[in-house]
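Report on one structure; see the data block that follows.
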Amino acid sequence: MTPDEFKTALRRLGRTQIGFALEIGVSRRTVHLWAERGPPAYAVYLLTLIERYGVKAAQNDQATPIPTDPARVLSGMYTQAISTSDGPSFVGAVEHWLQRHKKGKI
């Protein structure tokens, strides 16, 4: 993904660079650099998941930090996915992410 594609994706998903940084738990400077140089694969994957599952942006740039309980976060995302009959696809995406992460590809 190019820097322009990244900025376009953020706008399409109703996110600012600052809001996205807060949402995913990285520094504002990190997202600014992605906007200048292009984002890493994991950020592109997060944007894909956000778009696929219709995750709404925070109303302001003071997004709540990501909770420290990953099981609770995944449960909430799964509940949202099954409400649109997309549960198996969500599980597959998480399994794929875990496999890639274990192999150090992200």
Side-chain angles (χ1 to χ4, degrees):
M1 178 177 277
T2 67
D4 286 339
E5 291 170 333
F6 176 68
K7 290 182 274 191
T8 298
L10 287 178
R11 280 191 299 275
R12 183 176 64 247
L13 297 171
R15 280 150 171 90
T16 64
Q17 291 179 27
I18 293 170
F20 188 59
L22 290 167
E23 184 176 17
I24 67 169
V26 298
S27 72
R28 295 173 184 184
R29 176 76 179 138
T30 296
V31 176
H32 177 71
L33 288 173
W34 295 347
E36 289 181 349
R37 301 177 186 165
Y42 75 87
V44 174
Y45 189 64
L46 284 173
L47 288 172
T48 301
L49 290 175
I50 287 168
E51 188 161 30
R52 179 183 296 162
Y53 296 107
V55 178
K56 302 288 185 215
Q59 294 300 317
N60 57 44
D61 288 340
Q62 301 303 315
T64 304
I66 295 173
T68 57
D69 181 2
R72 190 180 72 178
V73 172
L74 287 170
S75 291
M77 292 174 76
Y78 179 72
T79 299
Q80 185 174 356
I82 61 172
S83 73
T84 60
S85 301
D86 210 12
S89 176
F90 173 77
V91 170
V94 171
E95 288 173 341
H96 177 73
W97 182 88
L98 287 170
Q99 288 171 354
R100 291 189 63 203
H101 182 70
K102 286 180 182 178
K103 294 178 183 176
K105 293 184 180 178
I106 292 183

Flag, side chain of Gln80 to backbone of Tyr53, donor-acceptor distance under 3.5 Å
yes
I'd like to check the side-chain hydrogen bond (donor to acceptor under 3.5 Å, both in side chains) partners of Ser27; sequence neighbours left out, ordered by chain and number.
Thr30
Would you check, one step at a time, whether the test side chain to side chain contact (heavy atoms under 4.5 Å, CB included) holds for Arg52 with Thr84?
CA-CA 11 Å; Arg52 179 183 296 162; Thr84 60; over 6 Å; no
Mind listing the side-chain donor-acceptor pairs of residues 5-12 below 3.5 Å, one per line with the distance, residues two or more places apart or on another chain?
{"residue": "Glu5", "atom": "OE1", "partner": "Thr2", "partner atom": "N", "Å": "2.8"}
{"residue": "Glu5", "atom": "OE1", "partner": "Thr2", "partner atom": "OG1", "Å": "3.4"}
{"residue": "Thr8", "atom": "OG1", "partner": "Asp4", "partner atom": "O", "Å": "2.9"}
{"residue": "Thr8", "atom": "OG1", "partner": "Arg11", "partner atom": "NH2", "Å": "3.3"}
{"residue": "Arg12", "atom": "NE", "partner": "Glu51", "partner atom": "OE2", "Å": "3.0"}
{"residue": "Arg12", "atom": "NH2", "partner": "Glu51", "partner atom": "OE1", "Å": "3.3"}

Please list, chain by chain and in numerical order, all residues satisfying side-chain contact (heavy atoms from CB on, under 4.5 Å) with Thr79, sequence neighbours excluded.
none
Cluster link Leu33 to Ile18, ILVMFWY, side chain under 4.5 Å
no
I need the full list of salt bridge (charged side-chain N to carboxylate O under 4.0 Å, His left out) pairs touching residues 73-84, with sequence neighbours left out, sorted by first then second residue.
none
Enter the distance from Leu13:CG to Lys56:NZ here, rounded to the nearest 0.5 Å.
10.5 Å
For Ala35 versus Pro3, what's the shortest heavy-atom pair and its separation?
O-CB, 3.0 Å
What are the two closest non-hydrogen atoms of Val55 and Arg15, and how far apart are they?
O-NH2, 3.1 Å
So the side chain to side chain donor-acceptor pair (under 3.5 Å) pairs with at least one residue in residues 32-41 (sequence neighbours excluded) are His32-Glu36
Within the structure provided, determine whether Leu47 and Met1 are in side-chain contact (heavy-atom separation under 4.5 Å).
yes
Using the side-chain contact (heavy atoms from CB on, under 4.5 Å) criterion, which residues pair with Leu74? Sequence neighbours excluded.
Phe90, Val94
By side-chain contact (heavy atoms from CB on, under 4.5 Å) - contacts of Ser75 (at least two apart):
none
